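Labels below follow one simple rule: chain letters A, B, ... track the order of the sequence lines, proteins then strands, and each chain is numbered from 1. Owing to the predicted nature of the structure, the values given are computational and were not obtained by experimental measurement.
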2 protein chains.
Amino acid sequence: MIDPITIKDVKLKLGELCRKKRQSYGLSQEDLGEVLGLSRYTIQKFESGKNATLDTVLKIVNHFGLLPSITKEIDQEIANQNNISLY
Amino acid sequence: MIDPITIKDVKLKLGELCRKKRQSYGLSQEDLGEVLGLSRYTIQKFESGKNATLDTVLKIVNHFGLLPSITKEIDQEIANQNNISLY
DNA sequence: TATATTTGTGTATTATAATAAACAATTATG
DNA sequence: CATAATTGTTTATTATAATACACAAATATA
């Protein structure tokens, strides 16, 4: 039995992704917060895997160009849901 | 020029996905809230595209078995980030 | 090494998500 | 049609995310 993915895991991964993306652009937490209209503290907390609001997450994700792939994923799940009774 | 995906769009899509998934399991908003330890009002607001916390989103997403695919996506982006300077 | 920058952490305050309860409007069921 | 169940929407309260500020620790730069 493999250990299941937890919500905490996902939050930590999201934080890690934010940090790596941010650093790849040479931005400080302060810089990123400023362009997104968020405080440095909010970025700091997000990157360390703390809870956040969906708006904060999507602002960050959007800034790094990941909104299309997320949208695609959601659209696929919705489409998949509509077909599920056909099998 | 195609119209870009907005954060509002994504929130609406997430709400739609929750509603469809929930209904496919024959659950009321009340039912879903109960199993997730959330109030019906929180489910109601999420399904109508309002802002929410990451914990709330991930609880819902997790309940419908979508955490692995999200994790995979994040992992891919992190890996992709590590490789980006190779090109 | 010395200085500057960035990051982690603390405290207090503000904004807002989450809860609880009630009621009307809608939708499903007998 | 009548009744039950579900959903949408309010109001008030509580919990907590976000902000602003300061300061120490860590990291990068001259």
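Every pair passing ring-ring contact (aromatic ring centres under 6.0 Å, His included) that includes a residue from residues 17-37 of chain A is listed here, sequence neighbours excluded: Tyr25(A)-Phe64(A). Applying the salt bridge (charged side-chain N to carboxylate O under 4.0 Å, His left out) test to residues at least two apart or on different chains, the pairs with a partner in residues 45-62 of chain B are Lys11(A)-Asp55(B), Arg19(B)-Glu47(B), Arg22(B)-Glu47(B).
Rounded to whole Å, the distance from CD on Gln23(B) to P on dT6(D) is 12 Å. In this structure, Ile43(A) places its CD1 atom 15 Å from P of dT6(C), rounding to the nearest Å. We find that CZ of Phe46(B) is positioned 18 Å from C1' of dG8(D), with the value rounded to whole Å. The nearest whole Å value for the distance from the NZ atom in Lys50(A) to the P atom in dG8(C) is 10 Å.
Linking Ile, Leu, Val, Met, Phe, Trp and Tyr whenever their side-chain heavy atoms come within less than 4.5 Å puts Ile70(A) and Ile7(B) in one cluster. Val57(B) and Ile78(A) fall within a single hydrophobic cluster, where Ile, Leu, Val, Met, Phe, Trp and Tyr are joined by side-chain heavy atoms under 4.5 Å apart, directly or via other members.
For the contact set between residues 27-35 of chain B and DNA chain D, defined by any heavy atom under 4.0 Å, the members are Ser28(B), Gln29(B). Taken residue by residue, residues 11-19 of chain A places no heavy atom nearer than 4.0 Å to DNA chain D. Taking every heavy atom of residues 52-66 of chain B and every atom of DNA chain D, no pair lies under 4.0 Å.
Leu32(B) places a side-chain heavy atom less than 4.5 Å from the side chain of Cys18(B). Proximity of Ile74(B) to Thr71(B): side-chain heavy atoms (C-beta onward) are nowhere separated by under 4.5 Å. Using a 4.5 Å heavy-atom threshold, the side chains of Leu54(A) and Thr53(B) count as separate. At a threshold of 4.5 Å between non-hydrogen side-chain atoms, the residues Ser48(B) and Gln44(B) count as touching. Residues Pro4(B) and Asp9(B) form no side-chain contact, since every pair of their non-hydrogen atoms from C-beta on lies 4.5 Å or further apart. Between Ile43(B) and Leu38(B) the shortest side-chain heavy-atom distance falls below 4.5 Å.
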For this session: Sugar-phosphate means primed atoms, P, OP1 and OP2; the rest is base. With that split, encode nucleotides 20-30 of chain D 5' to 3' as B, S or - using protein heavy atoms under 4.0 Å.
Result: B-B--------
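At the heavy-atom level, Gly26(B) lies nowhere under 4.0 Å from the strands shown.
Among Gln23(B), Lys21(B), Glu16(B), the single residue meeting the side chain to side chain donor-acceptor pair (under 3.5 Å) criterion with Gln81(A) is Lys21(B).
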For this session: Apply the test side-chain contact (heavy atoms from CB on, under 4.5 Å) to residues Asn80(A) and Lys20(B): give CA-CA distance (whole Å), side-chain angles for both, the deciding distance (0.1 Å), then the verdict.
Result: CA-CA 10 Å; Asn80(A) 183 269; Lys20(B) 291 204 171 180; over 6 Å; no
For this session: Please test Leu66(A) against Asn62(A) for side-chain contact (heavy atoms from CB on, under 4.5 Å), starting from the C-alpha separation and ending with a verdict.
Result: CA-CA 6 Å; Leu66(A) 305 177; Asn62(A) 178 48; over 6 Å; no
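Between Gln44(A) and dG8(C) there is a side-chain polar atom (N or O) within less than 4.0 angstrom of OP1 or OP2. Phosphate proximity of dT19(C) to Thr42(B): present, with a side-chain N or O under 4.0 Å from OP1 or OP2.
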